[in-house]
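Written out below as structure tokens is the structure these notes cover.
Throughout, a chain's letter reflects where its sequence line sits, starting with A, and its residues are numbered from 1.
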Amino acid sequence: MAGPMKMRATLNGGVTDVRVLMTHPMETGQRKDPDGKLVPLHFIQNVTLKVNGKTVVESQISQGISRNPVFTFRIKGGAKGDRIEVSWIDNHGETNQTETAVA
Amino acid sequence: MKKVLGFCVVLGGAFCASLPAQDAKKEIQRYRQMVAEGSPAELFEVEGEALWKKPQGPNKVSLEKCDLGGGPGVLKGAYARLPRYFKDADRVMDLETRLLHCAVTLQGRRREEAAARVFGSADRPSEMESLSAYIAAQSRGMKMAPGLSHPKEKEAYAMGRALYFHRTGAWDFSCASCHGEEGKRIRMQDLPVLYKPEHARPVVSTWPAYRVSTSQFITLQWRMNNCYQQMRMPEPDFGSDTTVALILFLTATGKGEPYRGPGTKR
Amino acid sequence: MNPLRRTLLAAAAAIVLKPLAALAATWNKDGFGAKTTADALKTLGATQPLPSKDLLIEAPEIAENGAVVPIEITSNVPGTTSIAVLIDKNPFPLVGKFDFMEGALPFVKLNAKVGETSEVRVVAEARGKHYVATQEIKVTIGGCGG
Amino acid sequence: MKRIFLVAVLVAPSALADPTPQDVQKLMQRDFHARGQAGMDRVVQDGLQRLCTESRDNPPAGAAKAIEADQMKTIVLPEGSLMGDWKRGESIAQNGRGLQWTDKPGDAAGGSCYNCHQLSPQEASFGTLGPSLRQFGKLRGNGPEIQRYVYGKIYNAKAYNLCSQMPRLGLSGTLSAEQIKDLVALLLDADSPVNQ
């Protein structure tokens, strides 16, 4: 099961900052485990940001993103209480999502 | 003349670039600042909260009734007042030692089982690490004020101070061998002089922490353990009086600083 | 929990998850598999991007640790619809591409792995044209090394 | 009653006097366990460690001289030239492993030199706990006498400065005679990057 996500969305002078944390190993496929075996490639490929159900950012990412990814996105305007959703899917088809309200 | 410092690439090490030393220092500080802003430490708080509330052990109860010093289940400000003396155990305990105590007394777990995996990995943090993240976070903004009035607290503080300056091991080191003189560094890493309050304050107010270089969440018990490893010493027992005394000495030296962790380390 | 309720919940979860997975289907396999910046740029249709001062990179000049290098990108190029981030010296330079729709600002902050001292290259797309900005990031060694 | 209380208060501070190195060692013997190659013998202080702990690294001159002389006797110079290969010396200086409970006993250890010293100009990530050794041979020459000094200092730094923070890299079994010779060359060889 995918590890936790955490998100904050804060309205500041007409712009909403969305900061989202995700638990993921983002394995490059080149790292060896303590037994000397290669750890298989395992990374998030897509991150989607929605505001009140409407997609506003579509991201494609690679194993070059750091382990436990952290992204900040910005939304024009926004109002307190707007529903923010972020979801991801990785190269194994595993997914996770979280949502919060703009504060 | 401006002092020039070079910087080498990690892989290969053949290519070096130069920057004036002062700019380099400023840039590294900026790097640390930016990393701290994007720290995944909070993810461990989420896991820690779930663990705190999860029934475990033969008694099938959670840790929610664990008394961290402020009464059963009181988390707010608890971390900022540790280590401290606990009457029920008749000894001074830091957070992790106390959590182990609660796992045994409340959950009915065997001490060996509960302490079998106290230091986790990037793939799988230990229970102690996640719990520490969650509990420490409940002290944000509160001044660090470990116990220093009970005779056993005073005794532990004095022992911690003596341990700090005690030279032993295969390489004749004490803590002060590296953390003893101002303005020194190991490789590029600045070394805080931890018996001085102005150096201890920013340190004790940001542990436990997420460690960027290993993607692990690390605790003060881990820090003591790893320092002794690098001092070429045998291994200190988890939650031993030795480790607690050192943690109390360091925390007491940095007392008064508002807690702003869990932090981010190199 | 009774079995019926469990079945219903599982069905609800499947309905929620499925459209998300379907939406997230686009992933530039050739771009992310490219071993040079030039090859990756080709897959983005950005072989000759124009240097732009309106494309801002906020990143440390020196990183103590290549495993986590924070990079913040803002595009002030009017009409920006996407931002791509490349680390020239990485084995696979392209680390991310972000498409911005109505409502989002052309901004992203991320943490990237930078294997060795390298240029960070940011390519923005606006009104059918590509723009580029770069910054060098030096990667150093931190502590004891033991 | 009141008087007794006062006496107790006056006595209390002495009860909290700093623990002696013996007290600390006793606690460590209880609280540590052997792991890997790091045995419990390492918790037992030798005379030098005891004296440096007691004096906070400022030992009385007489006692210091006597122990320094003892330490000098531990240094065994190998036959023949003391100048090894500076290239191998450079990698020994870079390596920070050895003697830790995670290190395999058979594996060659490093000298951890860059942790504390500046040496070759190519390596910018160096520590400052010890003095810079840039151009050491250029400034001090590379004759037999300085070779013996450098070898001895690396083998047992305490023979020259009792409470030095530098490990006794030869005496502790960290580095072999061959490895120390390679470090001598790194410091003294005219071709070594240290002297460029």
Measuring heavy-atom distances to chain C, does [X] have an atom under 4.5 Å in its side chain, in its backbone, in both, or in neither?
X     : result
A/Q30 : side chain
A/V18 : neither
A/R19 : neither
A/V57 : both

Side chain to side chain donor-acceptor pair (under 3.5 Å) evaluation trace for C/T81 with C/E125: CA-CA 6 Å; C/T81 49; C/E125 187 178 359; 4.7 Å; no
Kindly give the heavy-atom pair with the smallest separation between [X] and [Y], and that separation in Å.
X      : Y     : answer
C/T43  : C/G31 : OG1-CA, 3.2 Å
A/H42  : A/E94 : NE2-OE1, 4.0 Å
C/Q135 : C/I57 : OE1-O, 3.7 Å

CD (A/E27) and CG (A/L38) are apart, to the nearest 0.5 Å, by 10.0 Å
Using the side chain to side chain contact (heavy atoms under 4.5 Å, CB included) rule, take C/N111 and A/I65 through it: C-alpha gap first, then chi angles, then the decisive distance, then the call. CA-CA 6 Å; C/N111 289 335; A/I65 294 292; 5.8 Å; no
Report, by ascending residue number, the residues of residues 88-109 of chain C in heavy-atom contact with chain A at a distance under 4.5 Å; give 'none' if the set is empty. C/P91, C/F92, C/L94, C/V95, C/G96, C/K97, C/F98, C/D99, C/F100, C/M101, C/E102, C/G103, C/A104, C/L105, C/F107, C/V108, C/K109
Would you say that more than 12 heavy atoms from the other residues, nucleotides or ligands in this model lie under 6.0 Å from the NZ of C/K129, or not? no
With C/V122 as partner, the option from C/T74, C/I73, C/V132, C/T134 fulfilling side-chain contact (heavy atoms from CB on, under 4.5 Å) is C/I73
Applying a strict 4.5 Å limit to non-hydrogen atoms, the region of C/V69 in contact with chain A is backbone
Please flag which part of C/A112 lies under 4.5 Å from any non-hydrogen atom of chain A: side chain, backbone, both or neither. both
Please evaluate residues A/H24 and A/N68 with respect to the criterion side chain to side chain donor-acceptor pair (under 3.5 Å), reporting the C-alpha separation (whole Å), side-chain torsions for both, the decisive distance (0.1 Å), and the verdict. CA-CA 5 Å; A/H24 203 284; A/N68 296 330; over 6 Å; no
